[in-house]
Amino acid sequence: MSSSASIPATAAMHAIMLLGMCSVGICLVGISANAASPGAFGYGTVATPAEIAGWDIDARGTDGLGLPPGKGDVSHGTDVFIQQCAPCHGTFGEGEGRYPKLEGGVGTLTADRPEPTVGSYWPFAPTLWDYINRAMPFSAPHTLSADDVYAITAYILNFNNIVPADFVADRDSLPKVKMPNRDNFTWMDPRPDTRNIACMKNCIDPKAVKIVSTTEGKDLTPRTTGPLDAMKAK
């Protein structure tokens, strides 16, 4: 009885093992059939041109590559600027409270108190369009239409005496605007190329290292409170 009873049990065990192996095989085949292509994770979909366009909003400063269709003149820019920008930057870019000025400052960049504004510092007009488009207004960035951004850009360039009152900003005219500080930028880093290579042998004696210069007493850190004309180092 015991011998005859053990045979069906052994056969059943083998059947279960074979079924399990088949099941694993089926699963493996299924996984293999749906495996991702090399370099992919196997989920998600390829972005559509419309989805890419929603993120591809940058405009290159040097030549305006990426500027969209549209246009805006100084007159329309005045109206939009007063509504969207003046609460922070003032009606004519003079700045309100602690918000930055957008005009003036020409000739101050080498002074003790430089004023880096659109008129005194920025090298490219398309960069102004790009920044306004992606970051302004401060309370609701990237909500202005392309035409409104062109108009605001034209208005800011006008009150900085860079373009005339009849100027119309668009993807063709903006790259042609010559900004006052354009030629004062150094596009090649003049500093020497240095590398801090880890020392593993024949290292310098730490006792031989000497400090030859510090920023102490150089008045490099102004105070952040009090009248601007009385700002002194902390």
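- At a threshold of 4.5 Å between non-hydrogen side-chain atoms, the residues Phe185 and Tyr121 count as touching.
- Closest non-hydrogen pair, Glu51 versus Trp55, comes out as O-CD1, 3.5 Å.
- Between Leu174 and Leu157 there is a side-chain heavy-atom pair separated by less than 4.5 Å.
- The shortest distance between side-chain heavy atoms of Glu103 and Thr117 does not fall below 4.5 Å.
- Linking ILVMFWY residues whenever their side-chain heavy atoms come closer than 4.5 Å, directly or via other members, places Val177 and Tyr131 in the same cluster.
- Checked by atom type and distance alone, the side chain of Asn158 never pairs as donor or acceptor with a backbone atom of Ala154 at under 3.5 Å.
- His142 places a side-chain N or O within 3.5 Å of a backbone atom of Asn133 that can act as its donor or acceptor partner.
- With hydrogens and angles disregarded, no donor-acceptor distance shorter than 3.5 Å links the side chain of Thr108 to the backbone of Ala111.
- Under a cut-off of 6.0 angstrom, the local environment of OH in Tyr99 is sparse, with at most 12 non-hydrogen atoms contributed by other residues, nucleotides or ligands.
- Following chains of ILVMFWY side-chain contacts shorter than 4.5 Å, one cannot reach Val80 starting from Val168, and the two form parts of different hydrophobic clusters.
- Ile152 approaches Cys85 most closely through the heavy-atom pair CD1-SG, 4.0 Å.
- In this structure, the side chains of Met179 and Val118 come closer than 4.5 Å at one or more pairs of heavy atoms.
- The two residues Lys178 and Ile162 make their nearest non-hydrogen contact at O-CG2, 4.0 Å.
- Rounding to the nearest 0.5 angstrom, the gap separating the CG atom in Asp183 from the CG atom in Asn181 is 8.5 Å.
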Any chance you could lay out the salt bridge (charged side-chain N to carboxylate O under 4.0 Å, His left out) test for Arg134 and Asp58, step after step, and finish with the verdict? CA-CA 8 Å; Arg134 69 173 64 247; Asp58 62 303; 5.3 Å; no
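- A distance-only check finds a donor-acceptor pair linking the side chain of His89 to the backbone of Pro100 [under 3.5 Å].
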* Step by step, would you call Asp166 with Val74 a side-chain contact (heavy atoms from CB on, under 4.5 Å)? -> CA-CA 7 Å; Asp166 60 353; Val74 175; over 6 Å; no
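- Ring geometry, Trp129 versus Tyr150: the interplanar angle falls from 30° to 60°, so the pair is classed tilted.
- A distance of 10.0 Å separates CG in Asp170 from CG in Asp147, rounded to the nearest 0.5 Å.
- Panel note: side chain Ser120, backbone Glu115; a donor-acceptor pair is recorded below 3.5 Å.
- Listed by chain and number, the residues in a ring-ring contact (aromatic ring centres under 6.0 Å, His included) with Tyr155 are Phe81, Phe159 (sequence neighbours excluded).
- Remark: the backbone N or O of Leu65 is paired with a side-chain donor or acceptor of Asp63 at under 3.5 angstrom.
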Practice task
Could you check Asn184 against Leu109 for side-chain contact (heavy atoms from CB on, under 4.5 Å), going step by step and ending with a plain yes or no?
Solution key: CA-CA 10 Å; Asn184 293 324; Leu109 298 184; 6.0 Å; no
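- Within the structure, disulfide bond (SG atoms under 2.5 Å apart) contacts touching residues 156-206 (residues at least two apart or in different chains) are Cys199-Cys203.
- Contact annotation: the side chain of Ile156 approaches that of Ile132 to within less than 4.5 Å [non-hydrogen atoms, C-beta and beyond].
- Side chains of Pro126 and Leu67 form a contact here, defined as non-hydrogen atoms less than 4.5 Å apart.
- Listed by first and then second residue, the salt bridge (charged side-chain N to carboxylate O under 4.0 Å, His left out) pairs involving residues 66-82 amount to none (not counting sequence neighbours).
- No side-chain N or O of Thr127 forms a donor-acceptor pair with one of Asp130 less than 3.5 Å apart.
- Crowding of Asp56 atom CG: a count of heavy atoms from other residues, nucleotides or ligands under 6.0 Å exceeding 12.
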